[in-house]
Amino acid sequence: MRGLMPPLLGRRLAAVRLSRPDLRWRLPADFAARLTGQRIDTMIRRGKYILARLSSDETLLIHLGMSGRMILDPPEPLPAHTHLLLETDAGRRVGFVDPRRFGSLDLVATRDEAQHPRLAGLGPEPLSDAFTPAYLSRVLHGKLTPIKAALLDQKLVAGLGNIYVSEALFRARISPRRLAHGVAGARAARLVPAIRAVLEGAIAAGGSSLRDHVQPNGELGYFQHAWKVYGRAGERCEACSCDAACRGIAQIVQAGRSTFYCPRLQR
DNA sequence: CAAGAATCCTGTCAGC
DNA sequence: TGCTGACAGGATTCTT
């Protein structure tokens, strides 16, 4: 979103081309027409959603899903799977590219995002004051699901994905297999700052470019080089590599997603 | 109600 | 080289 603000903020959308309405959810036939001519007044992020508030009092929602990317001034011919192309009154162009189409676009008839069903249920922002150990303890209390799965639940806390959950749990030295209710209390007090540190590091690095993610200007993120456990199955974890008892980073599947952790350090 | 599995879709890569 | 299966930054919907 930071990369989108310079070209979009305060500009009017002079042209909008929607070449594929069947994304995660099918877009209405008048989607492009409703965007055309609108000015983008403010842009914010909520969880994994980018929100662009329009002069029409509507809000454009963008979710990149697994494989989505935004491209500034894409070349012609347009990259494959460019489903939406915006052109501003200043001549800048922004493309929404998403091969798998797990991403979504939506146009909400209100500037109050809390009204939108996709956003209404989201938990607090992990970088906000609302995300405290007390809050996390409360929502984990009584939960029988592994902490890994709980942290992926956007209703509990908004914005964590598969990579950053593994990284945060490593940083907090908590096993991803531990049941959520067992993290309430002292472990939650470690987990909250661990989550914040991982997200702040990733944002500063422009995200993690595993295969699809790029910043709008085309630059790759470089947080993948800072991963301690994700994608490192079999390697000895950096925190205990000198210890003969370290048997290396494990990869397991939880709730259908890969989890990476150090079984020796994370309890 | 809560938790886990199946599902949507395309691209890439390992193995044969 | 070409085929097949597994897997990938997500989140909803269906089953148990």
Side-chain angles (χ1 to χ4, degrees), chain A residues 1 3 19-27 45-50 61-71 78-84 96-106 116-123 126 138-170 176-183 195 198-199 201-203 205-216 219-234 251-260:
Chain A
M1 194 196 71
S19 38
R20 259 206 102 134
D22 54 327
L23 304 177
R24 183 69 169 82
W25 291 281
R26 172 166 283 276
L27 293 167
R45 179 197 54 73
R46 180 79 175 93
K48 297 174 186 173
Y49 290 88
I50 296 167
L61 293 190
I62 302 170
H63 192 300
L64 298 179
M66 297 271 266
S67 59
R69 53 167 70 170
M70 306 301 292
I71 302 288
L78 291 175
H81 309 294
T82 303
H83 306 313
L84 178 74
F96 172 81
V97 179
D98 184 16
R100 294 178 74 179
R101 283 184 280 131
F102 287 180
S104 63
L105 301 170
D106 210 343
H116 189 270
R118 305 243 122 70
L119 302 173
L122 290 179
R138 179 163 59 76
V139 295
L140 296 180
H141 183 76
K143 275 209 165 293
L144 294 176
T145 193
I147 184 64
K148 163 72 190 309
L151 291 178
L152 283 176
D153 184 348
Q154 305 293 299
K155 294 191 292 297
L156 299 191
V157 52
L160 289 177
N162 200 41
I163 292 174
Y164 300 132
V165 167
S166 275
E167 293 298 314
L169 287 169
F170 173 76
R177 311 172 65 148
R178 179 175 284 279
L179 296 188
H181 70 78
V183 175
I195 287 169
V198 165
L199 291 179
I203 290 168
S208 300
S209 290
L210 175 56
R211 53 177 67 79
D212 292 303
H213 169 74
V214 292
Q215 300 177 76
E219 285 180 32
L220 299 177
Y222 53 88
F223 194 71
Q224 64 276 16
H225 303 301
W227 294 344
K228 307 292 190 191
V229 289
Y230 190 89
R232 295 185 175 277
Q251 177 176 7
I252 60 174
V253 173
Q254 296 179 291
R257 316 291 306 278
S258 285
T259 302
F260 298 85

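Each chain gets a letter, A, B and so on, in the order the sequences are listed, and its residues count up from 1.
- Note on Gln154(A): a side-chain N or O is less than 4.0 Å away from OP1 or OP2 of dA11(C).
- Under the side-chain contact (heavy atoms from CB on, under 4.5 Å) test applied with Leu156(A), the options Leu151(A), Leu122(A), Leu140(A) reduce to a single match, Leu140(A).
- Applying side-chain contact (heavy atoms from CB on, under 4.5 Å) to Thr82(A) and the options Val97(A), Ile71(A), Asp98(A) leaves one that passes, Val97(A).
- As judged by a 4.0 angstrom heavy-atom cut-off over every strand, Leu210(A) is placed among the base-contacting residues.
- Of all the heavy atoms in Tyr164(A) and Ser208(A), the pair that sits closest is OH-OG, 2.8 Å.
- OP1 or OP2 of dG11(B) has at least one side-chain nitrogen or oxygen of His81(A) nearer than 4.0 Å.
- Considering every non-hydrogen atom in both Phe170(A) and Val229(A), the closest pair reads CD1-CG1, 3.5 Å.
- dC7(C) atom P lies 13 Å from atom CZ of Arg257(A), rounded to whole Å.
- Counting non-hydrogen atoms of neighbouring residues, nucleotides and ligands closer than 6.0 angstrom, the CZ atom of Arg177(A) reaches no more than 12 such neighbours.
- The separation between Asp98(A) atom CG and dG11(B) atom P is 11 Å, rounded to whole Å.
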Candidate pair Leu152(A) and Gln254(A), rule side chain to side chain contact (heavy atoms under 4.5 Å, CB included), full reasoning: CA-CA 11 Å; Leu152(A) 283 176; Gln254(A) 296 179 291; over 6 Å; no

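- Within the structure, every side-chain polar atom (N or O) of His63(A) is placed at least 4.0 Å from both OP1 and OP2 of dG10(C).
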Sequence-aligned protein contact record of nucleotides 2-9 of chain B, with B where the base is within under 4.0 Å of a protein heavy atom and S where only the sugar-phosphate is: -SS---BB

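- Atom NZ of Lys155(A) is separated from atom P of dT13(C) by 11 Å (rounded to the nearest Å).
- In this entry the distance linking CG of Asp212(A) with P of dT12(B) reads 9 Å, nearest Å.
- Judged as a ring pair (Phe, Tyr, Trp, His ring centres under 6.0 Å), and not counting sequence neighbours, His83(A) has no contacts.
- Closest non-hydrogen pair, Ser209(A) versus Gly221(A), comes out as OG-N, 2.8 Å.
- Looking at heavy-atom distances under 4.0 Å, Trp227(A) makes no contact with the nucleic acid at all.
- The CG atom of Asp106(A) sits 15 Å away from the P atom of dA11(C) (whole-angstrom rounding).
- Rounded to whole Å, atom P of dT13(C) lies 14 Å from atom CG of Asp153(A).
- Taking atom CG of Leu23(A) as the reference point, atom C1' of dA11(C) lies 15 Å away to the nearest angstrom.
- Look at the P atom in both dG11(B) and dT12(C): the space between them is 24 Å, to the nearest Å.
- Closest of all the heavy-atom pairs between Ser67(A) and Pro99(A) is O-CD, 3.5 Å.
- At the heavy-atom level, Ser258(A) lies under 4.0 Å from the strands shown only through sugar-phosphate atoms.
- Between Leu220(A) and His213(A) the shortest heavy-atom distance is CD2-O, 4.3 Å.
- With both ends at atom P, the span from dA11(C) to dC1(B) equals 23 Å, rounded to whole Å.
- Remark: P of dG10(C) and CG of Leu61(A) are 18 Å apart, rounded to the nearest angstrom.
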Nucleotide pairing, DNA chain B (Watson-Crick or G-U, distances under 3.5 Å), in dot-bracket with [ ] and |: .|||||||.|||||||

